[in-house]
Amino acid sequence: MTITFTKYHGLGNDFILIDNRHQSEPLITPEKAIEMCDRNFGIGADGVIFALGGTSNTDYTMRIFNSDGSEPQMCGNGIRCLAKFIAELENRDPSTFPVSYKIHTLAGVITPVLQANGQVKVDMGLPRLLAQEIPTTLAAADEKVVDVLLLVAGHSWNVTCVSMGNPHCITFVEDVEEIKLAEIGPLFEHHTVFPERTNTEFIQVINRNYLKMRVWERGAGATLACGTGACASVVAGILTGNCDFVVTVELPGGCLEIEWSNQDQHLYMTGPAQRVFTGNY
């Protein structure tokens, strides 16, 4: 079978996009996704995203397989790429932007808006803060996990946990460049207090409106950007008194603008999505 794909990236967080509108399940298996994501023997990507048909109240459905074959509930950078890909499939003229799509995900309905300046603004919905929602055993099921001690690799870390439809563990550090991500990241991801594993964000506060972040993503490892992680980190920053409600988050691949709205309590993420190339696998 030959599969037509388009490669996109959001701040270096890269994805293989597949038109899957003609059937209700992903065209390929998780095992095949692992092959396609291999950077030496495949196309190379952090994940494969499928554009499926919508539900009764949405325009499209998003499914994604990580580079290790696991399936996350959502991906912030990925959904910006998906929105651009959908506009391409629909032959949308950029002069008609802004245009929005209601997309069904395993984390709920997400609405990205393609803007005339090339950026994509995404309503990421409400953060979930209770331990049972994340999930984690770091607190009682109906309690928040804010600035709680967690022992990892013989060191005590103050962590705050947030779900953006997928689990995040955030810790604030003096210098993110000193973090040995490849060593410490897997220990957080697979820690026993996270029954479904976790994404982990290491955050350096530059000022109240500017955070610097490095991330170890569940199922993908160290990536250049993570949209849900940036949103979760701003929530954690506000809960711990480290930042304000409108923040620039600097990631290795570039910057995202994150706002936790006082009006509807939703998180809004704005950032780029770039088409790289199209091919046949």
inquiry  = If I take atom CZ from residue Arg80 and atom CG from residue Leu114, how far apart are they, to the nearest 0.5 angstrom?
reply    = 11.0 Å

inquiry  = So does Asn158 get a backbone contact from the side chain of Thr171, meaning a donor-acceptor N/O pair under 3.5 Å?
reply    = yes

query = Would you call Asp59 and Lys102 a salt bridge, using N to O less than 4.0 angstrom?
reply = no

task = Please determine if Arg197 and Asp68 form a salt bridge, counting it only when a charged side-chain N lies under 4.0 Å from a carboxylate O.
result = yes

note = Rounding to 0.5 Å, atoms CE (Met74) and OG (Ser163) come to a distance of 10.5 Å

query = Does the side chain of Gln204 reach to within under 4.5 Å of the side chain of Glu174, using non-hydrogen atoms?
reply = no

What side-chain donor-acceptor pairs closer than 3.5 Å can you find for residues 266-274, not counting sequence neighbours?
unit_1: His266; atom_1: ND1; unit_2: Asp123; atom_2: OD1; d: 2.8
unit_1: His266; atom_1: ND1; unit_2: Asp123; atom_2: OD2; d: 3.2
unit_1: Tyr268; atom_1: OH; unit_2: Asp264; atom_2: OD2; d: 2.6

key: Closest approach of Ser156 to Leu149 (non-hydrogen atoms, all atoms of both residues)   = CB-CD2, 4.1 Å

inquiry  = For the backbone of Leu27 and the side chain of Asn20, can you confirm whether one donor and one acceptor N or O come within less than 3.5 Å of each other?
reply    = yes

Heavy-atom donor-acceptor pair, His190 side chain to Thr198 backbone, under 3.5 Å = no

key: Side chains of Thr4 and Asn280, donor plus acceptor under 3.5 Å   = yes

request  = Mind checking salt bridge (Lys or Arg N to Asp or Glu O under 4.0 Å) for Glu71 and listing every partner two or more places apart, or none if nothing turns up?
outcome  = Arg63

inquiry  = A side-chain contact here means heavy atoms from C-beta on lying under 4.5 Å apart; do Glu201 and Leu251 qualify?
reply    = no

request  = Could you check if a side-chain atom of Arg39 sits within less than 4.5 angstrom of a side-chain atom of Asp46, using non-hydrogen atoms only?
outcome  = yes

ask   = Under 6.0 Å between the ring centres of Phe65 and Phe50?
value = yes

task = Over all heavy atoms of both residues, which pair between Cys255 and Leu11 is shortest? Give the atoms and the distance, please.
result = O-CD1, 3.6 Å

request  = Would you sort out whether Lys7 and Asp14 count as a side-chain contact (heavy atoms from CB on, under 4.5 Å), showing the intermediate values?
outcome  = CA-CA 7 Å; Lys7 178 83 175 282; Asp14 57 343; 3.3 Å; yes

message = Using 0.5 Å steps for rounding, measure from the CG atom of Asn209 to the CD atom of Glu257.
response = 10.0 Å

ask   = Can you find a pair of side-chain heavy atoms, one from Asn117 and one from Phe97, that are under 4.5 Å apart?
value = no

ask   = Under 3.5 Å, is there a donor-acceptor pair linking the side chains of Glu217 and Thr223?
value = yes

query = Taking atom types as modelled and ignoring hydrogens, do the side chains of Asn166 and His168 form a donor-acceptor contact shorter than 3.5 angstrom?
reply = yes

note = Closest heavy-atom pair, Gly10 versus Cys81, reported as atoms and distance to 0.1 Å, is N-SG, 3.7 Å

task = Please assess Tyr281 against Ile43 for the test side-chain contact (heavy atoms from CB on, under 4.5 Å), listing each intermediate value before the final yes or no.
result = CA-CA 8 Å; Tyr281 184 84; Ile43 299 164; 3.7 Å; yes

message = Holding to salt bridge (Lys or Arg N to Asp or Glu O under 4.0 Å), I want the full list of residues that pass it with Asp147, two or more places apart in sequence or in another chain.
response = none

Side-chain touch Cys75/Met62, heavy atoms, less than 4.5 angstrom = yes

request  = Under the ring-ring contact (aromatic ring centres under 6.0 Å, His included) rule, collect the residues that match up with Phe5, sequence neighbours excluded.
outcome  = Phe277

inquiry  = Tell me the closest heavy-atom pair linking Leu256 and Cys226, and the distance in Å.
reply    = CD1-O, 4.4 Å

Check: Ala87 main-chain N/O paired with Arg92 side-chain donor or acceptor under 3.5 Å = no

ask   = Could you state the interatomic distance from CD1 (Ile49) to CG (Leu52), rounded to the nearest 0.5 Å?
value = 11.5 Å

ask   = Just by distance, do the side chain of Asn40 and the backbone of Gly42 share a donor-acceptor pair under 3.5 Å?
value = no

message = Is it true that, when you exclude Gln23 itself, more than 12 heavy atoms of the residues, nucleotides or ligands shown sit nearer than 6.0 Å to its CD?
response = yes

query = Is the shortest side-chain N to carboxylate O distance from Arg218 to Glu189 below 4.0 Å?
reply = no

key: Chi angles and distances behind the side-chain contact (heavy atoms from CB on, under 4.5 Å) call for Thr55, Thr61   = CA-CA 7 Å; Thr55 61; Thr61 296; 4.1 Å; yes

Ignoring hydrogens and angles, write down the donor-acceptor pairs under 3.5 Å from the side chains of residues 103-112, residues two or more places apart or on other chains.
unit_1: Thr105; atom_1: OG1; unit_2: Ala107; atom_2: N; d: 3.0
unit_1: Thr105; atom_1: OG1; unit_2: Gly108; atom_2: N; d: 3.3
unit_1: Thr105; atom_1: OG1; unit_2: Gly108; atom_2: O; d: 2.7

query = Would Arg21 and Leu89 count as a side-chain contact (heavy atoms from CB on, under 4.5 Å) if you check the C-alpha gap in whole Å, the side-chain angles of each, and the deciding distance to 0.1 Å?
reply = CA-CA 10 Å; Arg21 293 174 294 174; Leu89 293 177; 3.9 Å; yes

task = For the pair Arg275 and Glu88, find out whether any cationic side-chain nitrogen is under 4.0 Å from an anionic carboxylate oxygen.
result = yes

query = Considering all heavy atoms of both residues, which atom of Val215 and which atom of Ala225 are nearest to each other, and what is their separation?
reply = CG1-C, 4.4 Å

key: Flag, side chain of Asp93 to backbone of Thr96, donor-acceptor distance under 3.5 Å   = no

task = Write out all pairs satisfying side chain to side chain donor-acceptor pair (under 3.5 Å) with one or both partners inside residues 230-241, taking only residues at least two apart or from two chains.
result = Thr240-Asn242

task = Go through the structure and list residues passing side chain to side chain contact (heavy atoms under 4.5 Å, CB included) with Lys144, not counting sequence neighbours.
result = Leu129, Leu130, Val146

message = Could you tell me if the side chain of Leu211 sits less than 4.5 Å from the side chain of Val205, heavy atoms only?
response = yes

request  = Mind checking the SG-CZ spacing from Cys37 to Phe15? Nearest 0.5 Å is all I need.
outcome  = 9.5 Å

query = What residues form a ring-ring contact (aromatic ring centres under 6.0 Å, His included) with Phe41, not counting sequence neighbours?
reply = none

message = As an exercise, state the distance from CD1 of Ile28 to CE of Met1, rounded to the nearest 0.5 Å.
response = 7.5 Å

remark   = Contacts of Ser100 meeting side chain to side chain donor-acceptor pair (under 3.5 Å) (sequence neighbours excluded), chain-then-number -> none

key: Residues forming a side chain to side chain contact (heavy atoms under 4.5 Å, CB included) with Pro135, sequence neighbours excluded   = Pro195, Glu196

request  = Indicate the atoms forming the closest heavy-atom contact of Ala220 with Ser67, along with that distance.
outcome  = CA-OG, 3.7 Å

query = How does the hydrophobic cluster around Leu181 look, that is, which other residues are in it when side-chain heavy atoms under 4.5 Å mark a link?
reply = Leu138, Val145, Val148, Leu150, Val152, Trp157, Val159, Val173, Val176, Ile179, Ile184, Leu187, Phe188, Val193, Phe194, Phe202, Trp216

query = With a 4.5 Å heavy-atom cut-off, do Ile134 and Val162 have their side chains touching?
reply = no

request  = For residues Trp260 and Gln265, determine if any side-chain heavy atom of one lies less than 4.5 Å from a side-chain heavy atom of the other.
outcome  = yes

query = What pairs with Asp142 under side chain to side chain contact (heavy atoms under 4.5 Å, CB included), at least two apart in sequence or on another chain?
reply = Ala140

task = Give a yes or no on whether a salt bridge exists between Glu177 and Lys212, defined as a side-chain N under 4.0 angstrom from a carboxylate O.
result = yes

